[in-house]
Amino acid sequence: PTTGFACASARSSQPPSASQLPKAAAHREAMAEAPIQSSDESAPPPQIAMDGPIDVLCMACEDDQCDFKPMKLQRRPMGPNDVVIDMKYCGVCHTDLHVSANHTGGLQKTQYPCVPGHELAGVCVAVGSAVTKFAVGDHVGVGCMVDSCGKCSNCKKGQEQMCSKQVGTYQAKDVNGQAATYPKGSYTLGGYTTYHVVQEHFGIKLPKTYPLECAGPVMCAGVTMLEPLRKYGAKEGTRVGIIGMGGLGVMGVKLACTLGCEVTAISRSANKKDFAKRVSQNALISKVENDPSLSQKSETGRKSVVRAEEAGAAKFLISTDTAAMKAAAGTLDLILNTVPTHHDYSSYIKLLAPKGKLVILGLAQELIASAVIGMVNPNASVVGSAIGGIARTQEVIDLCAQYDIRPEINIFPVQELNSVFEKLDSQNDQGLRYVMDIQGSLTDKASALCNAPPPKISKQGSPISICAILLECCGMCWCPGKGCCCCKCRCCQCC
């Protein structure tokens, strides 16, 4: 099954046309008629032992070729503060590709077997004796982290993602004693799995009115976009630019429109213009239809729907059009850059109004360098942002449920995972988030079906490393033209 406005053209090389994208109301009506497999709570609970290590089936790769196959592994026994999740869906993020292919090896070498996945959605099947947040039968999500120290100033402010002892959902060590792995001392296993064990604080409560298949990407792409929107005060009338109309950018457009911002979608070519307009148009209509203050029964509500249908993204800017970029100089208060690879972002800085911010979000050395610069100089115009804390993740899920904001998704069986990695590596032209159907396809029969060749993954042209990050910092602070002797020096293979 597939859901989301873009699914009709999920296998097309072109973005969906306006005629392929139904109105928000029609979309919700269709979804209401289609059963959500993951919310069938009449099914008997699975028989799993809770008094010892939990046997799980995972999709894992054994080296940087990213050839994923089913693998039997184990998770820790359920502790008093833990929740056991029967996994239904897990989104596939571009970061999963980077880590699995060891593109981030300059910072942390990937450990194999690698089980990625930080967009988890499932149903609670067991809770520890001290758990109060969840009950059996609740819908539970897990995002990008599964632990932090809980004691530092960042944790106390709800900024667990800034904790120096944060533990990632996969490829991380249990440094605080609360995210134990099995066997002890191994690395955390992500969401490409049949069951997951997480301490309750890092579980996200998913409203049962919100489709489980849509929830995973919201806890990654959604919170990644909402965090800078909230941090930099985006509100009604704020002029927000979104660079890139991939899965991350599409969620940014939808959330910014829902907050009342004036949105400009920025892309390299005109072929995403109609798509961007329709995506934002549907977000606006959905907001009107789900906002009690804008009831369609009132004249104001009817006028709001008409305005939303005619609006869409306020503007569309082609970044390769020199004249258009020049004309747009100084017109944006906040720019969210979602490009997930190393690139030259300097031309976007000129689009900022005084005191504006360009926020780097894509996983490349620019992200880490800009985050460092932002900590040293809070007034910097180029800053970095990653995910949000647990409270922010819960906020974005609740916001999406309230206004029926859904990512554009393509649901696929586990045997197509290699193919999905290859698509992510080439280019996400369709603005999709890929979601793996765990419940329907990660079964004992999966081994016989997973016979596809390894994906063709391109070699990372500019791998993320300490040296590359320092060079990027140099370019941001001292030589924007990247022309000094430091920037020209390439003393090691990593940069």
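- The ring of Tyr170 has its center no closer than 6.0 angstrom to the ring center of Tyr192.
- If you check the side chains of Asp333 and Tyr232, you find no donor sitting under 3.5 Å from an acceptor.
- In this structure, Thr110 contributes its side chain and Ser100 its backbone to no donor-acceptor pair below 3.5 Å.
- Annotation: the span from Leu336 atom CG to Leu334 atom CG amounts to 4.5 Å, rounded to 0.5 Å.
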Report, one line per pair, each donor and acceptor closer than 3.5 Å where one atom sits in a side chain of residues 147-154; sequence neighbours left out.
from	atom 1	to	atom 2	distance (Å)
Asp147	OD1	Gln178	NE2	3.1
Asp147	OD1	Gln199	NE2	2.7
Asp147	OD2	Asn176	ND2	3.2
Asn154	ND2	Met162	O	3.3

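- The backbone N or O of Asn282 sits nowhere less than 3.5 Å from a side-chain atom of Ser286 that would complete a donor-acceptor pair.
- Looking at Lys272, its side chain does come within 3.5 Å of a backbone N or O of Met245 through a donor-acceptor pair.
- For the atom pair Glu416 CD and Asp437 CG, the distance stands at 10.5 Å (nearest 0.5 Å).
- At least one donor-acceptor pair closer than 3.5 Å links the side chain of Gln171 to the backbone N or O of Gln111.
- Note that the CD1 atom of Ile457 and the CG atom of Asp64 stand 10.0 Å from one another [nearest 0.5 Å].
- Judged by distance alone, the side chain of Arg239 and the main-chain N or O of Thr331 form a donor-acceptor pair under 3.5 Å.
- The OH atom of Tyr403 lies 8.0 Å from the OG1 atom of Thr258; values are rounded to the nearest 0.5 Å.
- Gln161 contributes a side-chain N or O that, together with a main-chain N or O of Gly389, makes up a donor-acceptor pair within less than 3.5 Å.
- A donor-acceptor contact shorter than 3.5 Å is absent between the side chain of Thr169 and the backbone of Gly190.
- Residue Met251 holds its CE atom at 8.5 Å from CZ of Arg433, rounded to the nearest 0.5 Å.
- The shortest heavy-atom contact between Ile243 and Leu358 is CD1-CD1, 4.3 Å.
- At distances below 3.5 Å, at least one donor-acceptor pair connects side-chain atoms of Asn418 with backbone N or O atoms of Phe68.
- Within a 6.0 Å sphere centred on NZ of Lys326, other residues, nucleotides and ligands contribute 12 heavy atoms or fewer.
- In this structure, CE in Met59 is found 10.0 Å from SG in Cys61, a value given to the nearest 0.5 Å.
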